[in-house]
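One structure follows; several queries about it will come next.
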Amino acid sequence: MYRLEDLNPVQQEAVKYREGPLLILAGAGSGKTRVLTHRIAYLIAQGVEPWEILAITFTNKAAQEMRERVGALTGSAGRGLWVSTFHSACVRILRQEIGYLPGYAHDFVIYDSNDQKAVVKTCLKECNLDEKKFPARAVGAVISEAKNKLWNPADFEERAADYFQEQAAKVYRLYHKKLKASNALDFDDLIMLTVILLGQNPEVLERYQERFRYILIDEYQDTNYAQYSLVKMLAGRYRNLCVVGDDDQSVYSWRGADIRNILDFERDYPEAKVLKLEQNYRSTQSILQAANSVVGNNRERKEKLLWTENPQGSPLVFYAADDEHDESRYVVERIQRLHNLEGRPFNDFAVLYRTNAQSRVLEERLMKEGIPYRIFSGHKFYERLEIKDILAYLRVLANPADKVNFSRILNVPKRGLGDAASAKVLEYAEEQNMPVLEAVLEAEYIPELQPRARKSLLAFARLMKDLKELAQAEKSVTKIAEEILSRTGYKDLLSADNTTESQARLENLAEFLSVTAEYDLKAHENKPLEDEFGVEYIPGLNGFLEQVSLVAETDQLDQREAAVILMTMHSVKGLEFPVVFVVGMEEGIFPGSRSQLEPGLVEEERRLCYVALTRAREKVYLSYADHRMLYGRRQYNRRSRFLEEIPYNLLNEKDPSDPPARQASKKAGNVEYGSRTPAAGMPASAFGSPARKLGTPLVANNQEDFLVGNKIGHDKFGQGIIMAVKGKGRETILTVNFQGQLKQIATEYAKITRL
DNA sequence: CCGATTTCCGCACAG
DNA sequence: CGGAAATCGG
């Protein structure tokens with residue numbers, strides 16, 4: 001039987017609050033996942049059937065983790081529970097119900113962003129639009145944006161404000177037609193079409209509303225309008241909707257996420273209960289105070305302050321480098337030092353940066369020093385050339401109407417079928433109104449083909465026919481894939497070419513075959529259960545392809561491997577490390593140059609800074625380079641405003657991990673940077689030790705009294721610790737933690753003393 | 001049609 | 001600077 005244990009009072013309340021909407025504002029490291037998993041387990045223990053619960057997470061990885069943790073709490077009682085991402089939940093619904101949407105078939109394929117881009121490109125050509133003025137990427141983004149707002153082509157056209165948008169609307173219309181013709185949905189369609197389907201068919205909606213009586217949404221601050229609408233529909237009947245999120249960690253607005261969804265939850269659900277998880281179990285006080293202080297500069301946020309019972313810890317360490325090489329040198333040197341002196345394994349460290357381009361220098365340095373590292377950058381496994389190729393073959397075999405993937409494989413490996421031949425085949429297929437793959441089989445009848453091309457096409461047709469037959473008879477995806485690789489000559493081609501590159505490709509393909517093998521194994525066990533993503537297996541090729549399109553690279557991060565991890569501040573969300581380095585603390589980099597103009601964007605960058613800082617358990621290192629090479633030219637950047645926003649008593653140029661330096665050796669004070677140097681009216685000796693006598697009243701212009709972390713006394717509330725400082729002089733407002741109670745104190749009026 | 005060369009252009013990225 | 005795409009020349 002399930003017991004509530006090891007949960008703090010607020011967490012327990014969040015777990016037990018059962019009926020009606022519930023908003024849980026969960027600060028970083030406040031045990032959010034714990035609460036969610038316990039809540040699910042609790043519901044089940046209370047007699048709620050697991051299939052009546054729908055839990056949505058942001059990533060597959062999070063879903064997997066949650067499933068494991070719920071499983072550990074409930075055992076087999078958790079069978080039938082849906083824990084999935086928005087996308088896989090929608091796929092599941094659509095596979096079942098897509099019959100309600102005319103023009104689609106149940107065996108639809110999912111187009112990823114590459115496929116999407118390819119389709120957009122052909123649309124641009126057909127619309128006679130200049131690809132310079134209308135880059136496929138940008139137009140694709142605009143279409144995606146529209147879908148995230150649930151605008152169909154007509155809606156979008158109506159709202160088109162300028163020429164670009166008007167043309168984009170045309171492309172959208174055509175794009176949509178093409179996708180439909182290929183029986184394909186892109187990622188945004190998965191959500192949008194589900195919403196449309198449920199909206200147009202009340203009886204279907206009702207079925208799902210009845211089924212999912214309890215809905216939980218994680219990372220609610222990252223939902224977009226389409227997802228928000230979906231949730232609203234599904235929860236419309238029972239209103240047992242529990243959303244968890246942290247507005248301070250909303251960093252995906254550029255992807256359509258709308259922070260208002262979480263900020264306005266209480267408006268949407270007036271009867272909602274709101275709980276705040278503010279106790280942090282991860283970081284030292286110094287780290288939390290610094291993070292709180294930075295994010296406290298944002299206007300658009302829910303008042304919320306993290307506190308912890310963890311030790312104070314040492315101040316954050318700041319390093320001003322000459323350039324990016326010096327910066328990397330510093331970071332790597334620190335890692336080596338902490339590794340040697342404190343015996344920290346390399347997976348204690350994460351190096352975070354704003355853009356992937358910053359990783360290269362770091363990588364070079366780590367390699368030079370022979371430190372193991374893992375890098376999480378753009379190149380995803382499923383986006384590598386060879387993987388895309390084999391996948392394209394599999395996709396065409398599964399869906400002969402898939403034009404995008406057909407075009408991809410027609411001349412891979414090279415078989416003398418270029419753009420010219422490809423266009424003729426596609427044209428013929430369109431005229432005859434048949435799937436492209438079938439058109440190939442009629443190669444003899446396709447007009448205007450060069451004799452060479454026709455011959456080659458016939459050979460290709462035979463090949464594909466054989467493979468198709470194999471794919472239909474063969475259950476093992478591995479077998480099918482192996483057969484493709486050998487029969488097409490793809491493998492031989494790579495083997496013959498004896499470069500390190502082709503070697504790496506072969507390795508990737510081997511890796512791919514191990515993925516299929518794992519899939520086969522599970523499918524073969526013939527348990528009609530669920531895969532690790534909570535999606536029921538559709539046995540065979542289709543099931544495999546679906547799983548592949550919905551899985552992401554970061555899901556494969558293994559934090560147990562003894563390697564330093566390099567990644568962007570975005571992808572680090574949800575993770576934690578004992579020691580965190582944040583590099584490139586410069587205006588123009590972080591906050592990025594594009595965010596400088598719009599204040600709203602700076603706030604998002606600030607949240608990103610908050611996310612980065614709160615990943616650290618024990619130590620944070622921040623660095624800045626005076627100048628660096630960017631896009632081939634040297635740039636001089638000012639240091640980031642976020643550095644200035646960290647209270648100066650919490651940011652130190654000296655690393656406390658170093659053995660104590662001899663007295664008066666270097667700069668005596670803690671910090672020397674920016675405009676807030678100790679020189680501003682007080683002796684350096686004021687730092688660390690209170691300059692004033694204890695117990696004396698605070699005076700509004702005594703800056704060193706108002707430092708985050710200082711203890712103060714209040715005649716009504718007793719003792720407290722300053723958590724955040726806003727404003728200057730007599731307008732200073734302190735946020736003070738009195739034994740867990742947060743109070744705003746106006747220093748001008750309050751009777752407080754320094755302790 | 002193919003490989004080599006030049007030109008272009010630049011955030012973040014899950015599903 | 002470095003990767004992807006466009007263009008060139010055989």
Side-chain angles (χ1 to χ4, degrees), chain A residues 56-63 84-91 110-117 121 131-132 135-138 141 144 147-148 185-192 218-219 222-224 226-227 250-257 324 352-361 364 376-380 382-383 385 410-411 413-422 450 452-453 456 533 535 546-556 567-574 584 588-596 601 604-605 607-608 611-612 628-635:
Chain A
I56 299 284
T57 58
F58 196 56
T59 64
N60 285 310
K61 191 183 176 197
S84 64
T85 60
F86 272 107
H87 291 85
S88 31
C90 286
V91 170
I110 301 164
Y111 273 6
D112 65 19
S113 32
N114 297 300
D115 302 330
Q116 182 195 27
K117 201 171 145 201
K121 259 195 175 157
E131 289 198 42
K132 288 267 155 53
R137 214 176 103 91
S144 166
K147 289 186 178 184
N148 287 163
L185 311 193
D186 64 22
F187 286 126
D188 305 311
D189 283 336
L190 296 177
I191 315 287
M192 181 171 173
D218 194 10
E219 306 279 9
D222 287 326
T223 51
N224 61 37
Q227 293 164 336
S250 160
V251 291
Y252 284 113
S253 75
W254 48 274
R255 217 159 66 184
E324 71 270 31
L352 309 180
Y353 34 79
R354 182 67 228 293
T355 67
N356 279 311
Q358 291 167 256
S359 68
R360 224 191 67 247
V361 198
E364 283 165 6
F376 277 79
S377 61
H379 293 175
K380 296 173 187 166
Y382 290 111
E383 281 176 16
L385 195 71
L410 184 59
N411 201 28
K414 303 268 151 66
R415 49 171 81 88
L417 295 169
D419 293 345
S422 170
Q450 302 282 327
R452 279 163 153 252
S456 181
F533 309 112
V535 180
E546 178 162 317
Q547 181 188 304
V548 162
S549 9
L550 294 176
V551 77
E553 168 80 348
T554 40
D555 295 347
Q556 321 197 344
M567 59 168 77
T568 64
M569 295 181 223
H570 279 93
S571 36
V572 80
K573 204 163 92 170
I589 302 232
F590 186 45
S593 52
R594 282 180 57 175
S595 64
Q596 303 280 2
L601 291 181
E604 176 144 332
E605 300 275 307
R607 291 193 290 271
L608 194 53
V611 168
R628 69 172 67 229
M629 284 294 236
L630 206 64
Y631 300 142
R633 61 185 81 252
R634 176 177 272 204
Q635 274 210 344

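Letters A, B, ... are given to chains in the order of the sequence lines, protein chains preceding strands, and every chain is numbered from 1. Here the structure is a predicted model, which means the values were calculated and not measured.
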(message) Which nucleotide wins on minimum distance to the side chain of A:T59, given the candidates C:dC1, B:dC2, B:dG15?
(response) B:dG15
(message) Expressed as a whole number of angstroms, how long is the span from A:E364:CD to C:dG2:P?
(response)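 Roughly 8 Å, once rounded to whole Å.
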(message) Taking the nucleotide of DNA chain B with the nearest heavy atom to each, does A:G418 or A:I589 sit closer to the 5' end?
(response) A:G418
(request) Would you kindly check if the NZ (Lys) or CZ (Arg) of A:K573 is within the cone defined by 45 degrees around the ring axis of A:Y252 and under 6.0 Å from the six-membered ring centre? (result) no
(request) Would you kindly compare A:E604 and A:L190 by the position of their nearest DNA chain B nucleotide and give the one closer to the 5′ end? (result) A:E604
(message) Check this one for me: any side-chain N or O of A:N356 less than 4.0 Å away from OP1 or OP2 of B:dA12?
(response) yes
(message) By the 4.0 Å heavy-atom rule, please label A:R633 as base, sugar-phosphate, or nothing.
(response) nothing
(message) Nearest to the A:H87 side chain among B:dG15, B:dA12, C:dC1, which nucleotide is it?
(response) B:dG15
(message) Quick check for you: among B:dC11, B:dC1, B:dG15, whose closest atom lies nearest to any side-chain atom of A:A420?
(response)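 Minimum distance to the A:A420 side chain belongs to B:dC1.
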(request) Check every strand shown and say whether A:G592 touches a base, only sugar-phosphate, or nothing at a heavy-atom separation below 4.0 Å. (result)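 A:G592: no heavy atom of the nucleic acid under 4.0 Å.
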(message) For a quick test of reading the model: is some side-chain N or O of A:N224 closer than 4.0 Å to OP1 or OP2 of B:dA14?
(response)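 Answer is no, no contact under 4.0 Å.
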(message) Just to be sure I understand the rule, does A:F58 reach a base, reach only the sugar-phosphate, or reach nothing, if contact means heavy atoms closer than 4.0 Å?
(response) sugar-phosphate
(message) Using whole Å, what does the distance between atom C1' of nucleotide C:dA5 and atom CG of A:L385 come to?
(response)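 It is 14 Å, rounded to the nearest whole Å.
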(request) Let me know the distance between CG of A:N60 and P of B:dC13, rounded to the nearest Å. (result) 17 Å
(request) Look at A:E324 together with A:R360 and state whether they make a salt bridge at an N to O cut-off of under 4.0 Å. (result)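 A:R360 and A:E324: not salt-bridged.
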(request) To the nearest Å, give me how far apart CG (A:D186) and C1' (B:dA14) are. (result) 14 Å
(message) Tell me whether the side-chain N/O atoms of A:K573 come closer than 4.0 Å to OP1 or OP2 in B:dA12.
(response) no
(request) Classify the nucleic acid contact of A:S593 as base, sugar-phosphate or nothing, counting any heavy atom under 4.0 Å across all strands shown. (result)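 Result for A:S593 = nothing.
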(message) Can you identify which nucleotide, out of B:dC13, C:dC1, B:dG15, has its nearest atom closest to the A:W254 side chain?
(response)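 Ranking B:dC13, C:dC1, B:dG15 by closest atom to the A:W254 side chain puts B:dC13 first.
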(message) Donor-acceptor pair, distance only, cut-off 3.5 Å: does the side chain of A:E604 make one with the backbone of A:S253?
(response)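 Pair found, side chain donor or acceptor close to backbone of A:S253.
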(message) Is A:T355 close enough to B:dG10 that one of its side-chain N or O atoms is under 4.0 Å from OP1 or OP2 there?
(response)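 For B:dG10, OP1/OP2 do not have a side-chain N/O of A:T355 under 4.0 Å.
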(request) Please check the phosphate of B:dC1 (OP1 and OP2 only) for any side-chain N or O of A:N411 closer than 4.0 Å. (result) no
(request) Grab the OH-C1' distance between A:Y631 and B:dC9 for me, whole Å please. (result)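 Spelled out: OH on A:Y631 to C1' on B:dC9 is 8 Å.
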(request) Could you tell me whether the side chain of A:N411 and the main chain of A:G416 form a donor-acceptor pair under 3.5 Å? (result) yes
(message) Ignoring hydrogens and geometry beyond distance, is a side-chain donor-acceptor pair present between A:Q358 and A:T355 at under 3.5 Å?
(response) yes
(message) When you measure from the side chain of A:S456 to the backbone of A:L417, do you find a donor-acceptor pair of N or O atoms at a distance under 3.5 Å?
(response) no
(request) Report the nucleotide, chosen from B:dG10, B:dC9, B:dC13, that has the shortest atom-to-atom distance to any side-chain atom of A:T568. (result) B:dC13
(request) Using atom CD1 of A:I191 as one end and atom P of B:dA14 as the other, report the distance to the nearest whole Å. (result) 16 Å
(request) Rounded to whole angstrom, note down the P distance from C:dA4 over to B:dC13. (result) 16 Å
(request) Taking only the side-chain nitrogens and oxygens of A:K117, find out if one of them lies under 4.0 Å from OP1 or OP2 of C:dA5. (result)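 Yes.
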(message) Please confirm whether the shortest side-chain N or O distance from A:R255 to OP1 or OP2 of B:dA14 is below 4.0 Å.
(response) no
(request) To the nearest Å, give me how far apart OH (A:Y353) and P (B:dA12) are. (result) 10 Å
(message) Can you tell me how the ring of A:W254 sits relative to the ring of A:H570, calling it parallel under 30°, perpendicular over 60° and tilted otherwise?
(response)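 Ring orientation of A:W254 relative to A:H570: perpendicular.
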(request) Report yes or no: is the ring centroid of A:Y252 under 5.5 Å from the six-membered base ring centroid of B:dA12, with the two planes under 30 degrees? (result)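 No; centroid distance or tilt outside limits.
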(request) May I have the distance from A:I56 (atom CD1) to B:dA14 (atom P), rounded to whole angstrom? (result) 18 Å
